[in-house]
Amino acid sequence: MPAPVDALRRVSLFVGLDDDALSAIAAAANDVEVPAGQLLVQPGQAGTGMFFVVDGTAVVETKRGEVELGPGQFFGELALMRPDAIRTARVRAETPLRCLALDRASFRTLVATNPDVAAAMLEVALGRLAENAGVDDG
Ligand code: CMP
């Protein structure tokens, strides 16, 4: 199912985007609803897409513990940032979860056409890698 624009407006990464940009993302994204407990990402697999949380809570099982992600946050970006990268963690739905899913090609288009989104996503991604590596920010 294509994603409605109002769901995209709940993603903080997209707050600065105009209606045209949001419509383009909406046309490319799939609206995904899964029950509590469902696995969305398995460590070691190739990355086929990424997810933006619209409703509910996802849990990332990192080597250093669990991280909860709620509405406006995203996951699955790390394995899309390099051609041969694999998933770094398991992600499951903690509650019934509604997400917008972008496949690899749509992710490329998103970051190529929206540099501010790409920069903000990169900042989050680097923070996650640093956290997983045990690098102290501070
Ligand atoms: P990816 O490696 O594609 O699949 C697992 C996802 O879990 C990863 O992308 C990130 O989106 C997410 N993730 C990994 N580590 C963390 C972390 N420390 N905090 C939040 N999310 C993370």
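All heavy atoms count here, side chains included; hydrogens, waters and symmetry mates do not. Just so you know, ligand 1 is whichever comes first in the structure, and atom 1 is the first atom listed for that ligand.
Ring centroids of Phe14 and Phe52 are separated by less than 6.0 Å, placing the two rings close together.
Annotation: Gly76 places an N or O atom under 3.5 Å from an N or O atom of ligand 1; distance criterion only. For ligand 1, the polar-atom distance check finds an N/O of Ala79 within less than 3.5 Å of one of the ligand's N/O atoms.
Shortest non-hydrogen contact noted between Asp31 and Pro4 is OD2-CD, 3.5 Å.
No part of Leu129 comes within 4.0 Å of ligand 1, judged by heavy-atom distances.
Note that CE of Met121 and CE of Met81 are 6.0 Å apart. Values are rounded to the nearest 0.5 Å.
Looking from atom 15 (N) of ligand 1 to the surrounding protein, the closest heavy atom is Asn132 ND2, 2.8 Å. The protein non-hydrogen atom at the shortest distance from atom 20 (C) of ligand 1 is Arg128 NE, 3.3 Å. From the protein, the heavy atom lying nearest to atom 3 (O) of ligand 1 is Arg87 NH1, 2.7 Å. Atom 7 (O) of ligand 1 has Val60 CG1, 3.5 Å as its closest protein atom, hydrogens excluded (heavy atom only). What sits closest to atom 10 (C) of ligand 1 on the protein, heavy atoms only, is Glu77 OE1, 3.6 Å.
The closest approach between any non-hydrogen atom of Ala89 and ligand 1 is below 4.0 Å.
Taken together through direct or relayed side-chain contacts under 4.5 Å among Ile, Leu, Val, Met, Phe, Trp and Tyr, Val53 and Leu22 form parts of separate hydrophobic clusters.
Ion pairing between Glu66 and Arg90 fails under the 4.0 Å rule for side-chain N and carboxylate O. A salt bridge is defined here as a Lys NZ or Arg NE, NH1 or NH2 lying under 4.0 Å from an Asp or Glu carboxylate O, and Glu61 with Arg92 meets this definition. Taking a cutoff of 4.0 Å between a charged side-chain nitrogen and a carboxylate oxygen, Arg108 and Asp103 do not qualify as a salt bridge.
Checking Asp20 against Ser23 by side-chain atom types alone, no donor-acceptor pair falls below 3.5 Å.
Close approach of ligand 1 to Thr88 (heavy-atom distance below 4.0 Å) involves ligand atoms 1 (P), 2 (O), 4 (O), 5 (C), 8 (C), 14 (C). Close approach of ligand 1 to Glu131 is summarised as follows: ligand atoms under 4.0 Å from at least one heavy atom of the residue are 18 (N). Per-residue contacts place Phe75 under 4.0 angstrom from the following atoms of ligand 1 (heavy atoms of the residue considered): 11 (O).
With a 6.0 Å radius and a threshold of 12 heavy atoms from other residues, nucleotides or ligands, Asp18 has its CG atom above the threshold.
Taking each of Thr62, Val41, Val59 in turn, the one with a heavy atom nearest to atom 16 (C) of ligand 1 proves to be Thr62.
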